[in-house]
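Order of listing sets the numbers, starting from 1, for every ligand and every atom in it.
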Amino acid sequence: MSDLIYMQKALMLAKQGRFTTSPNPNVGSVIVKDNQIIGEGYHQKAGEPHAEVHALKMAGQEAKGATAYVTLEPCSHFGRTPPCADALIDAGVKRVVVAMQDPNPAVSGKGIERLRSAGITVDVGLCKQEAEALNRAFFKRMRTGLPYVQLKMAASLDGKIAMASGESKWITSTAARQDVQTFRAQASAILSTHVTVKQDNASLTVRHADLPAAIQTDYTASSIRQPVRVIIDSQNRLTGKENLFKQSGEIWIISKEERELPNSQIIVEPSESETIHLPTLLTLLGEKQINSLWVEAGAHLAGSLIEQNLVDELIIYYAPKLLGNNALDMSIIPNIQKLALAPQFKFKSINMVGDDLRVVLTPKKDNVEDS
Ligand SMILES: NC(=O)c1ccc[n+]([C@@H]2O[C@H](COP(=O)([O-])OP(=O)(O)OC[C@H]3O[C@@H](n4cnc5c(N)ncnc54)[C@H](OP(=O)(O)O)[C@@H]3O)[C@@H](O)[C@H]2O)c1
């Protein structure tokens, strides 16, 4: 079999960690000798062994003289676990195929260098595009300090996200809501506002029973990590009695001052502005190791994030219904006076999800090719 097939296997393994590894990246590894896979593994959880360590353990003594396939450069530093580059050297592998160099400044070429200095042949770049897409949120934080922002909206065909009364449960179908649960489960954090929390009585949690059946089968309820719920509340409108506070999981309230709320950490956003300065908020979240931020909010926050070019991906679920002109718009962006000023996106994918359409878009300025 070819290098390509083994690397694809390693990428498939890496994806199995997508609900659990945050803030770490997803990584998979396969060890091959005489055209046989003798070891395989993936990184499951921060603080636990890396993919290569699992694969080497399975391969045992047979790893000597074998080829290791890894979807990300093996680490070269002591973090919570010892360097994987050393583990590969100690096991006596003779060749390592790496999909891409790790942009994490703590690694960034040093792992590859260490392997080469030990006389191991290292080939870099096989399936680089797929490996990049697999960890695009982690890589964005490593490169820019900011989380990867996905803005979700559930809308009618005429682009409305709620009735004038604020009623918005449920515009889209069960299948679309299961899809949203899958995205939530993969996010490091969910961003919303006091308005949406109150209006929708939203808990913003991942519920195992609401995930698609295949995911429920593959992952136990206890293995699913709750993303941190990050709620903007600059004017201290939340009382602590909302449904959000009754569900377990971390809550960070973004406020302008310290105060007490149940089960919550208050994060004081320090800018001079009266409301929350969104770029500062994203920087704070990046510093707190939030790789991917899943936004579920109303038209005001959605419009502001778009207007300020802070969205990496727009995910819109269109239900095949019309809510009419009294319903609430999808985004409030008041300063578009001419067509030339309109925020522009390009279509990335369009899929049917149940009875609805899921449209994924990226900002037009973003020319990064990812899948
Ligand atoms: N269909 C869907 O996908 C969906 C999803 C979520 C919500 N909704 C619906 O949306 C409605 C609520 O929408 P909404 O537009 O009234 O509220 P919203 O966008 O959820 O929240 C508005 C709040 O966001 C913060 N915000 C907005 N722009 C900001 C900026 N530029 N800088 C800093 N903070 C900013 C402000 O918080 P502070 O007041 O703390 O400063 C503001 O009061 C509800 O009816 C809900 O059901 C629909």
Side-chain angles (χ1 to χ4, degrees), residues 149-173 176-177 179-181 183-184 187 190-205 229-239 242-244 251-257 259 261 264 266-285 293-311 313-319 321-323 326-336 343 353 356-360:
V149 178
Q150 292 176 300
L151 171 61
K152 165 260 168 183
M153 286 183 272
S156 59
L157 280 183
D158 48 353
K160 306 290 181 177
I161 58 159
M163 303 309 293
S165 63
E167 179 194 355
S168 68
K169 280 182 179 171
W170 301 107
I171 294 176
T172 47
S173 63
R177 298 202 303 277
D179 203 52
V180 168
Q181 283 281 321
F183 277 110
R184 278 187 186 176
I190 300 171
L191 176 67
S192 192
T193 70
H194 65 94
V195 181
T196 288
V197 164
K198 279 179 171 288
Q199 187 77 51
D200 295 356
N201 203 19
S203 64
L204 298 168
T205 50
R229 289 164 290 165
V230 180
I231 314 296
I232 292 178
D233 185 19
S234 74
Q235 312 300 316
N236 303 350
R237 298 283 159 78
L238 292 170
T239 63
E242 293 80 5
N243 195 23
L244 175 94
I251 303 171
W252 297 348
I253 303 294
I254 312 302
S255 182
K256 294 307 265 187
E257 60 187 26
R259 69 200 151 110
L261 280 170
S264 307
I266 308 296
I267 296 180
V268 177
E269 186 277 299
S271 72
E272 296 288 307
S273 66
E274 213 174 279
T275 54
I276 303 302
H277 185 247
L278 299 175
T280 306
L281 170 59
L282 293 189
T283 304
L284 282 171
L285 295 179
L293 186 65
W294 175 256
V295 186
E296 289 193 44
H300 285 91
L301 185 63
S304 299
L305 289 168
I306 292 171
E307 193 175 31
Q308 294 180 39
N309 291 322
L310 298 174
V311 175
E313 208 169 63
L314 198 56
I315 300 176
I316 309 178
Y317 295 88
Y318 283 106
K321 46 183 94 149
L322 298 168
L323 299 189
N326 289 331
L328 303 182
D329 288 320
M330 183 187 279
S331 64
I332 294 178
I333 311 178
N335 300 322
I336 309 174
V353 178
D356 305 315
L357 206 57
R358 183 188 63 205
V359 180
V360 180

side-chain contact (heavy atoms from CB on, under 4.5 Å) with Asn201: which residues, sequence neighbours excluded? Asn243
Please check this pair: side chain of Lys256 against backbone of Ser273, looking for a donor-acceptor N/O pair closer than 3.5 Å. yes
Quick one: does Thr283's side chain have a donor or acceptor within less than 3.5 Å of a partner on Pro279's backbone? yes
N/O pairs closer than 3.5 Å, ligand 1 and protein:
from	atom 1	to	atom 2	distance (Å)
ligand 1	1 (N)	Ala154	O	2.8
ligand 1	1 (N)	Ile161	O	3.1
ligand 1	3 (O)	Lys152	NZ	3.3
ligand 1	3 (O)	Ala154	N	2.8
ligand 1	15 (O)	Ala299	N	3.1
ligand 1	15 (O)	His300	N	2.9
ligand 1	15 (O)	His300	ND1	2.7
ligand 1	19 (O)	Gly298	N	3.4
ligand 1	19 (O)	Gly298	O	3.3
ligand 1	19 (O)	His300	N	3.2
ligand 1	19 (O)	Leu301	N	2.8
ligand 1	20 (O)	Thr193	OG1	2.7
ligand 1	20 (O)	Thr196	OG1	2.7
ligand 1	20 (O)	Gly298	N	2.8
ligand 1	21 (O)	Thr193	OG1	3.0
ligand 1	28 (N)	Ser304	OG	2.9
ligand 1	31 (N)	Ser304	OG	2.8
ligand 1	32 (N)	Ile276	O	3.3
ligand 1	39 (O)	His194	NE2	2.7
ligand 1	40 (O)	His194	NE2	3.3
ligand 1	40 (O)	Ser234	N	2.7
ligand 1	40 (O)	Ser234	OG	3.2
ligand 1	41 (O)	Ser234	OG	2.6
ligand 1	45 (O)	Gly166	O	3.1
ligand 1	47 (O)	Gly166	O	3.3
ligand 1	47 (O)	Ser168	OG	3.0
ligand 1	47 (O)	Asp200	OD1	2.5
ligand 1	47 (O)	Asp200	OD2	3.2

Who pairs with Asp233 by salt bridge (Lys or Arg N to Asp or Glu O under 4.0 Å), at least two apart in sequence or on another chain? Arg259
Residues 191-199, side-chain donor-acceptor partners within the protein, below 3.5 Å, at least two apart:
from	atom 1	to	atom 2	distance (Å)
Ser192	OG	Glu296	O	2.7
Thr193	OG1	Val195	N	3.3
Thr193	OG1	Thr196	N	3.1
Thr196	OG1	Gly298	N	3.4
Lys198	NZ	Arg237	O	3.4
Lys198	NZ	Glu242	OE2	2.9
Gln199	NE2	Ser165	O	3.2

Student check: side-chain heavy atoms of Gln308 and Pro343 closer than 4.5 Å: no
